[in-house]
Amino acid sequence: MSSSGIDIAQVALTAFDTSISRYWREEDRRWRGEDRAWRAEDLEYRQEERSWREKEKLMRETEQRWRLEDIDQRHVENARYLWARFVEKNRRDVEEKSEQLKAISNLAALFAGFAVVTLTQFQFDNTGVHILWIAFYGVLTAIAVGLMTIAMVACTLILGSILKNGKMYVNEEAEEKFMFECHDFVVSYTHGDRPPFPKRTFEKFWENRCEDDWKRAFQFFTWGILSFLISLIPIGWIKFSYSYLTAGLFMGIVMISIIIWGFVQYFWGAYLTSDSSKLNADLAESSLHTRTFGLPFDWHIAPANRQVASNN
């Protein structure tokens, strides 16, 4: 009886152990399945993460390329700003010289007209006037008209020349060459370099071709004014020869006017005919000591070769 009970207990324990083992194996199989699912999900996540990293790398490369393209575009805009500044300076120089030449030409024509009108309309009695006063008046009038005519013709021709050639320095070919020079400036830039400046400029054309003729025409205009004013002295004596007091007052006022004109001419005439290339050279030399900060600030400092361009 006892042995059968033991057998029954052993069979029961064996069955329980078998059921427990089967339950544990199923649990372990379920865990392994979940672990495989987790591993599959982890692999999928890692694959997705790798894909996102590739996309992020591509996005960074695209942003870097966009940044480089934006920097290049900004360099182009800076170059176009420099070109626009040069074009504006060229336009202002042409307008300034044009107005200057027009003013001298118009005034010369006006004074020559006054002298001719005075010559044709001036009536006097030659019986009471010495022949030297008449000769003096005729010579001064001829000198005034001749000098004013020369000044007018010279200024008119110089004006036509600058209006013809002024636009040549801002045409498409000059712009193309300048943009390539700006590109080379950006590519080979080192700290301390200065932006390019066009070598062919209206300022250089004026200094080399027109300035001497302009100064000569201005001198003719000045001498013409002096001759015109002096010619008023014999006019006053011839016109008022019957009254010494009136003639003396008239000639005195004319002489005072000539003296005042001499002072004005001395101060302002010398300034107008001063050498502009020397002033530009002094300014260029002083600008060479300007501090440099690197790009993009160095786009806006004074060009280094401007002095060379103005002196050639």
Side-chain angles (χ1 to χ4, degrees), residues 93 95-160 162 206-207 210-279:
D93 287 342
E95 289 184 354
E96 174 190 346
K97 302 305 180 183
S98 299
E99 294 298 326
Q100 184 174 303
L101 292 169
K102 287 179 183 178
I104 299 299
S105 179
N106 292 335
L107 287 175
L110 188 63
F111 275 103
F114 284 161
V116 172
V117 170
T118 303
L119 180 64
T120 58
Q121 300 297 325
F122 183 42
Q123 303 293 332
F124 60 91
D125 185 9
N126 57 359
T127 58
V129 180
H130 198 278
I131 192 65
L132 291 179
W133 284 104
I134 300 176
F136 188 38
Y137 165 69
V139 170
L140 289 175
T141 302
I143 292 175
V145 173
L147 291 176
M148 290 299 180
T149 303
I150 294 173
M152 178 191 65
V153 173
C155 290
T156 303
L157 293 178
I158 297 173
L159 176 62
I162 66 172
W206 174 264
E207 291 175 358
C210 303
E211 188 161 10
D212 292 338
D213 294 333
W214 141 251
K215 290 180 180 179
R216 194 176 300 111
F218 186 77
Q219 289 296 330
F220 288 155
F221 176 73
T222 302
W223 296 336
I225 293 178
L226 180 60
S227 300
F228 179 80
L229 291 176
I230 296 177
S231 69
L232 295 178
I233 295 176
I235 290 177
W237 182 260
I238 295 171
K239 187 69 174 178
F240 304 107
S241 59
Y242 56 87
S243 176
Y244 292 156
L245 177 61
T246 305
L249 292 174
F250 182 87
M251 291 187 293
I253 294 174
V254 171
M255 292 180 66
I256 293 174
S257 301
I258 293 175
I259 294 173
I260 296 174
W261 169 84
F263 280 106
V264 174
Q265 180 67 29
Y266 175 78
F267 287 108
W268 288 105
Y271 175 76
L272 287 177
T273 56
S274 60
D275 192 0
S276 59
S277 61
K278 184 178 183 300
L279 178 61

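Bear in mind that the values here come from a model prediction, so they are computed numbers and not experimental data.
- The shortest non-hydrogen separation linking Val145 to Thr149 is O-OG1, 2.6 Å.
- Of all heavy-atom pairs between Trp133 and Ile238, the closest is O-CD1, 3.8 Å.
- With rounding to the nearest 0.5 Å, the separation of NZ in Lys102 from CD in Glu95 is 9.0 Å.
- For Trp237 and Tyr244, the distance between ring centers is under 6.0 angstrom.
- Inter-residue side-chain proximity for Ile143 and Val139 is flagged as met; some heavy-atom pair is nearer than 4.5 Å.
- Remark: Ser105 pairs with Thr156 by the side chain to side chain donor-acceptor pair (under 3.5 Å) rule, at least two apart or across chains.
- With a 4.5 Å cut-off on side-chain heavy atoms, Ile131 and Phe136 do not count as touching.
- Trp214 places a side-chain heavy atom less than 4.5 Å from the side chain of Phe218.
- Between Ala144 and Gly224, the shortest heavy-atom contact is CB-O, 3.8 Å.
- Considering only residues two or more places apart in sequence or on other chains, Phe267 meets the ring pair (Phe, Tyr, Trp, His ring centres under 6.0 Å) condition with none of them.
- The line from CE of Met255 to CD1 of Ile260 is 12.5 Å long, rounded to the nearest 0.5 Å.
- Taking OG1 from Thr222 and CD from Gln265, the interatomic distance works out to 4.0 Å, rounded to the nearest 0.5 Å.
- The side-chain heavy atoms of Ile235 and Thr141, taken from C-beta on, include no pair separated by under 4.5 Å.
- Using a 4.5 Å cut-off on side-chain heavy atoms (C-beta onward), Leu147 and Phe221 make no contact.
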- request: Step by step, work out the side chain to side chain contact (heavy atoms under 4.5 Å, CB included) result for Ile225 and Phe220.
  value: CA-CA 9 Å; Ile225 293 178; Phe220 288 155; over 6 Å; no
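- Using a 4.5 Å heavy-atom threshold, the side chains of Ile158 and Trp206 count as touching.
- Residues Ala112 and Met148 share a closest heavy-atom pair of CB-CB, 3.8 Å.
- Under a 4.0 Å N-O distance rule, the pair Asp212/Lys215 does not qualify as a salt bridge.
- To the nearest 0.5 Å, the span separating OG on Ser98 from CG on Asp93 amounts to 10.0 Å.
- Taking every heavy atom of both residues into account, Ser231 and Tyr137 meet most closely at O-CD1, 3.9 Å.
- For the pair Gln219 and Arg216, the minimum side-chain heavy-atom distance is 4.5 Å or more.
- In this structure, the separation between CD on Glu99 and CD1 on Ile104 is 12.0 Å, given to the nearest 0.5 Å.
- Here the SG-CG distance, from Cys210 to Leu101, works out to 8.0 Å after rounding to the nearest 0.5 Å.
- Of all non-hydrogen atoms in Ile258 and Leu226, the two that sit nearest each other are CG2-CD1, 4.0 Å.
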